[in-house]
Amino acid sequence: MMEYNTKKKQLPLPEYGRAVQKMVDHALTIEDRTERQQCAETIVSIMGGMFPTAKETPEAIQKLWDHIAIMSDFKLDVDFPCEVIQKEKFNAPPAPIPYLKGEVKNRHYGRFVENMIAIACEMEEGDERSKLIELITVQMKKDYLAWNKDTVDDKRIFDDLREYSNGKIDIAEGEIRLSHPQQNASYNRNNAKRKKVFNKKKY
């Protein structure tokens, strides 16, 4: 009678398959330490061969020996070539992710834009700062249009930027010209149509 995998013992690392898990289980039963060591090294070599695109770096080797330790439930008594992960650390719950505190001034711009403006305010005058400010204004207009389907003029973006930066970033009218994303898309479509018609007439 066929035995389904769902009824078998759950694999600690399913990516290696049940055959490799059986090899690890067999290694645990080998009494001779030298033979057990050779068996473990062979298993690790097989595990590495299952992922030929992975480079043989110290980190990759560390990972393989960590995995064989996990698959043996940390009971495999061999001379590990590196310090493997401990059972206590493996079973420990992940550290909670800290939530960002503080209200976002305008949700359509988000915290990312606020942080970038703060960085720009601290930078010295120069090309790098000017380029960052230009990128910020472009992102602000994209974010504004994503939340508000109505069009927005550049002055509104510059006014919001001035307010966010407490006047440290004051862009004069015409200093930066922001294009409309939808206008760009429409231009590209129309340009493609013109090229198609031109090619038909040419031939």
Side-chain angles (χ1 to χ4, degrees), residues 13-15 51-64 66-67 70 82-83 85-86 88-203:
L13 296 174
E15 58 266 36
F51 305 97
T53 56
K55 296 181 179 179
E56 194 172 336
T57 61
E59 292 78 11
I61 295 172
Q62 168 83 51
K63 184 178 180 180
L64 291 173
D66 281 345
H67 285 179
I70 294 168
C82 51
E83 186 176 352
I85 187 172
Q86 300 299 310
E88 296 75 17
K89 291 184 178 180
F90 177 71
N91 293 326
I97 300 176
Y99 287 96
L100 296 174
K101 297 181 180 180
E103 291 291 331
V104 178
K105 199 167 188 178
N106 289 310
R107 292 186 64 188
H108 53 270
Y109 291 138
R111 197 178 301 277
F112 173 75
V113 168
E114 288 186 359
N115 293 340
M116 295 304 296
I117 294 173
I119 292 172
C121 288
E122 299 299 323
M123 295 176 66
E124 295 182 0
E125 294 288 344
D127 292 340
E128 189 175 352
R129 183 177 187 267
S130 299
K131 185 62 178 177
L132 177 59
I133 291 173
E134 184 178 350
L135 292 174
I136 290 172
T137 56
V138 171
Q139 185 61 46
M140 288 175 69
K141 188 161 188 177
K142 286 181 180 179
D143 292 342
Y144 190 100
L145 293 172
W147 280 69
N148 306 280
K149 300 305 180 183
D150 298 331
T151 58
V152 57
D153 57 14
D154 295 353
K155 184 177 183 303
R156 171 62 186 273
I157 300 299
F158 300 152
D159 289 343
D160 287 347
L161 180 57
R162 187 180 304 108
E163 182 182 352
Y164 264 99
S165 64
N166 295 319
K168 293 182 180 179
I169 302 176
D170 189 1
I171 300 175
E173 187 174 352
E175 186 176 342
I176 298 177
R177 183 171 179 80
L178 303 176
S179 60
H180 194 299
Q182 294 178 353
Q183 290 175 347
N184 286 344
S186 177
Y187 173 80
N188 290 335
R189 287 195 298 270
N190 292 336
N191 196 33
K193 288 179 180 179
R194 285 194 294 270
K195 287 182 178 179
K196 189 174 182 180
V197 171
F198 175 77
N199 289 334
K200 286 183 177 179
K201 289 181 178 179
K202 186 176 180 180
Y203 297 103

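- A donor-acceptor pair under 3.5 Å is formed between the side chain of Q62 and the backbone N or O of E83.
- In this structure, CD1 on I136 lies 8.0 Å from CD1 on I119, to the nearest 0.5 angstrom.
- Across every non-hydrogen atom of A120 and R129, the tightest pair is O-NE, 2.9 Å.
- In this structure, M123 CE and S130 OG are separated by 9.0 Å, a value rounded to the nearest 0.5 Å.
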Is there a side chain to side chain contact (heavy atoms under 4.5 Å, CB included) between Y144 and M140? Walk through the geometry before answering.
CA-CA 6 Å; Y144 190 100; M140 288 175 69; over 6 Å; no
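- Under a cut-off of 6.0 angstrom, the local environment of CD in E15 is crowded, with over 12 non-hydrogen atoms contributed by other residues, nucleotides or ligands.
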Would you check, one step at a time, whether the test side chain to side chain contact (heavy atoms under 4.5 Å, CB included) holds for I176 with V138?
CA-CA 10 Å; I176 298 177; V138 171; 6.0 Å; no
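- Residue I133 holds its CD1 atom at 7.5 Å from SG of C121, rounded to the nearest 0.5 Å.
- Note that NZ of K155 is 10.0 Å distant from CG of D160, once rounded to the nearest 0.5 Å.
- Ring geometry for Y109 against Y164 counts as perpendicular: the plane angle is over 60°, on a 0 to 90° scale with 30° as the lower cut.
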Verdict with supporting geometry, R162 and I171, side chain to side chain contact (heavy atoms under 4.5 Å, CB included):
CA-CA 8 Å; R162 187 180 304 108; I171 300 175; 5.7 Å; no
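- Remark: F51 engages Y16 in a ring pair (Phe, Tyr, Trp, His ring centres under 6.0 Å) (not counting sequence neighbours).
- To the nearest 0.5 Å, atom CD1 of residue I117 and atom OG1 of residue T137 are 10.0 Å apart.
- How far CD1 of I61 is from CG of D66: 12.0 Å, rounded to the nearest 0.5 Å.
- Here the closest non-hydrogen pair linking I157 and K141 is CD1-CA, 3.8 Å.
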